[in-house]
Amino acid sequence: MSIRPYREIIRRKSRQIFVGNVPVGGDAPITVQSMTNTLTSDAKATIEQILALEAAGADMVRVSCPDEASTKALKEIVRETNVPIIADIHFHYKRGIEAAEAGAACLRINPGNIGSPDRVRDVVKAAVDHNCSMRIGVNAGSLERELLEKYGEPCPEAMVESALNHARILEDNDFFNFKISVKASDVFLSVAAYQGLAEACDYPLHLGITEAGSFTSGTVKSSIGLGMLLWSGIGDTLRVSLSADPVEEVKVGYEILKSFGLRRRGVTIISCPSCARQAFPVIKTVEILEERLAHIQTPLTLSIIGCVVNGPGEARETDIGLTGGGKGHHMVYLSGVTDHRIDTGGMVDHIVELVEARAAEIEALDAAEAAAPNDAKSAAVRIA
């Protein structure tokens with residue numbers, strides 16, 4: 001029993017697959033992915049975008065492969081990047097075969113859409129031969145005609161039935177190395193479909209609210225939908241779909257997971273919205289700190305509070321804290337304890353230095369623990 005049961009999330013038990021060298025499902029961390037919006041046939045531009053996504057923390061990246069030029073470029077793209085690449089395949093089975101041969105770690109494909117059983121077998125064989133997993137991607141906007149006739153409209157039951165029908169095709173070909181998504185732009189429809197699918201199978205689930213919208217509206221919609229599912233323990237990997245720079249999708253994905261304590265990466269800044277009591281410009285300070293601390297990958301917490309009403313309390317719960325004080329003199333907290341004061345002028349540079357030093361300290365402790373013999377590891381933890 002957790003000491004804080006109100007914060008406990010019991011994840012749905014799912015089988016585990018691998019996308020390249022990244023585990024998905026089972027007890028693996030929930031992974032964050034995005035998708036390029038460059039022409040895949042433009043290998044240089046696509047590689048640059050994938051490298052930017054890697055730097056932002058993407059665990060895997062999807063690229064669209066609508067034509068032969070795209071799958072031809074895929075071999076170079078895979079060679080020049082580090083994260084597993086997912087090839088987005090729709091109707092042409094040959095693109096799936098070519099993508100697997102080019103080194104894609106996963107195929108996003110609906111086997112029922114690519115033609116005859118022989119074609120499905122050919123794609124499955126290519127996936128097996130090249131150690132390539134798959135994702136069945138059901139979308140409310142492209143449900144099969146017979147299901148729309150049966151149910152009258154896109155609904156959770158139709159989406160789950162579509163997913164299971166596609167899964168059965170792969171199962172009949174003795175292929176089980178796949179995950180499933182059932183996305184819709186409607187939050188209610190998406191959540192209900194995922195809930196139904198979670199009960200109907202044990203395959204890992206890829207979460208997303210599709211066509212969620214612009215950066216602001218899409219972030220809100222995705223946070224609500226994905227948040228409901230994650231809180232109930234559903235989800236093994238996710239993408240936040242935004243009409244924005246794909247790097248923003250990764251950042252938002254991590255923030256959602258960090259809010260639930262499901263993944264931690266980089267600096268979590270706890271800050272007040274500011275008011276007339278603020279003793280320094282909180283909003284501008286946080287904006288600058290977010291930019292200057294973006295390179296930190298080590299998980300740690302930083303509180304930036306404009307006055308003493310909530311500042312000391314928040315600082316007690318964070319690695320580093322800053323609380324606004326009178327006459328331009330502000331209190332700095334280290335590990336929740338008051339430590340020293342800092343003036344407004346050198347405040348930002350000072351906080352950045354403290355965060356970088358704390359991150360280096362944590363990394364050194366982690367490295368020492370990893371290198372220590374088993375009988376010494378527990379002592380290292382106690383000292384830390």
Side-chain angles (χ1 to χ4, degrees), residues 17-24 28-109 123 126-127 129-135 137 177 179 181 206 208 210-212 214-215 218 237-255 257 263 265-266 291 294-297:
I17 69 168
F18 277 82
V19 178
N21 60 353
V22 176
V24 175
I30 297 171
T31 53
V32 176
Q33 56 184 277
S34 181
M35 185 174 184
T36 57
N37 56 21
T38 55
L39 286 175
T40 306
S41 56
D42 185 346
K44 183 177 183 294
T46 303
I47 289 166
E48 288 177 357
Q49 193 167 76
I50 292 172
L51 293 176
L53 290 166
E54 289 179 8
D59 297 299
M60 56 194 79
V61 176
R62 179 157 53 113
V63 301
S64 183
C65 291
D67 48 39
E68 191 174 359
S70 297
T71 52
K72 281 185 176 179
L74 199 59
K75 190 169 186 178
E76 179 184 355
I77 292 167
V78 170
R79 185 179 67 245
E80 297 299 325
T81 55
N82 303 298
V83 295
I85 301 300
I86 302 165
D88 195 82
I89 310 296
H90 281 277
F91 302 109
H92 207 303
Y93 81 105
K94 285 187 177 179
R95 303 293 86 80
I97 295 171
E98 292 162 1
E101 292 173 345
C106 181
L107 304 177
R108 188 277 192 191
I109 195 167
V123 174
D129 290 347
H130 298 280
N131 195 28
C132 189
S133 62
M134 293 190 191
R135 169 163 74 92
N177 188 25
K179 52 188 170 152
S181 65
H206 167 80
T210 195
E211 287 111 26
S214 65
F215 176 76
T237 182
L238 62 84
R239 179 200 176 188
V240 176
S241 298
L242 301 175
S243 300
D245 185 334
V247 167
E248 300 298 334
E249 297 185 347
V250 178
K251 292 179 180 179
V252 173
Y254 270 103
E255 290 301 323
L257 293 177
R263 285 286 294 272
R265 182 184 190 275
E291 182 178 344
H295 65 289
I296 302 290
Q297 298 184 19

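Closest approach of Glu54 to Val83, counting heavy atoms only: OE2-N, 3.2 Å. Of all heavy-atom pairs between Tyr254 and Gly57, the closest is OH-O, 2.8 Å. The two atoms that bring Leu107 and Ala100 nearest to each other are CD2-N, 4.2 Å, heavy atoms only. In terms of heavy-atom proximity, Asn177 sits nearest to Phe18 at OD1-N, 3.9 Å. Between Thr31 and Asp59 the shortest heavy-atom distance is CA-OD2, 3.3 Å. Considering all non-hydrogen atoms of both residues, Ala87 and Leu74 come closest at CB-CD2, 4.2 Å.
Here the side chains of Ile85 and Met60 are not in contact, with every heavy-atom distance at 4.5 Å or above. Within the 4.5 Å cutoff, no side-chain heavy atoms of Val63 are placed close to those of Asp88. Under the 4.5 Å side-chain criterion, counting only non-hydrogen atoms from C-beta, Val123 is in contact with Met134. When side chains are defined from C-beta on, Ile50 counts as touching Thr36, because their heavy atoms get closer than 4.5 Å. For the pair Ser34 and Val247, the minimum side-chain heavy-atom distance is 4.5 Å or more. Ile89 has its side chain out of reach of Arg108: every pair of non-hydrogen atoms, C-beta onward, lies at least 4.5 Å apart. Proximity of Ile109 to Tyr93: side-chain heavy atoms (C-beta onward) are nowhere separated by under 4.5 Å.
Under the 3.5 Å distance criterion, the side-chain polar atoms of Arg95 are left unmatched by any main-chain donor or acceptor of His90. Between the side chain of Ser64 and the backbone N or O of Thr40, no donor-acceptor pair lies under 3.5 Å. When atom types are taken as modelled, the side chain of Asp42 and the backbone of Ala45 share a donor-acceptor pair closer than 3.5 angstrom. Listed for the His130 side chain is no donor-acceptor partner under 3.5 Å among the backbone atoms of Cys132. Between the side chain of Glu249 and the backbone N or O of Gln33, no donor-acceptor pair lies under 3.5 Å. Remark: side-chain polar atoms of Thr46 are paired, donor with acceptor, to backbone N or O of Leu39 under 3.5 angstrom. At distances below 3.5 Å, not a single donor-acceptor pair connects side-chain atoms of Arg265 with backbone N or O atoms of Ile296.
Atom CG of Asn37 has more than 12 heavy atoms from other residues, nucleotides or ligands within 6.0 Å.
Between Glu98 and Lys94 there is no salt bridge, since none of the side-chain N atoms of the basic residue sits less than 4.0 Å from a carboxylate O of the acidic one.
A search for side chain to side chain donor-acceptor pair (under 3.5 Å) contacts involving Arg135 returns Ser181, not counting sequence neighbours. Under the side chain to side chain donor-acceptor pair (under 3.5 Å) criterion, Glu101 pairs with no residue at all, not counting sequence neighbours. Evaluation of the side-chain contact (heavy atoms from CB on, under 4.5 Å) rule for Ala73 yields Ala43, Ile77 as partners, not counting sequence neighbours.
The side chain to side chain contact (heavy atoms under 4.5 Å, CB included) with Thr237 is formed by just one residue from the set Val24, Val19, Val22; it is Val24.
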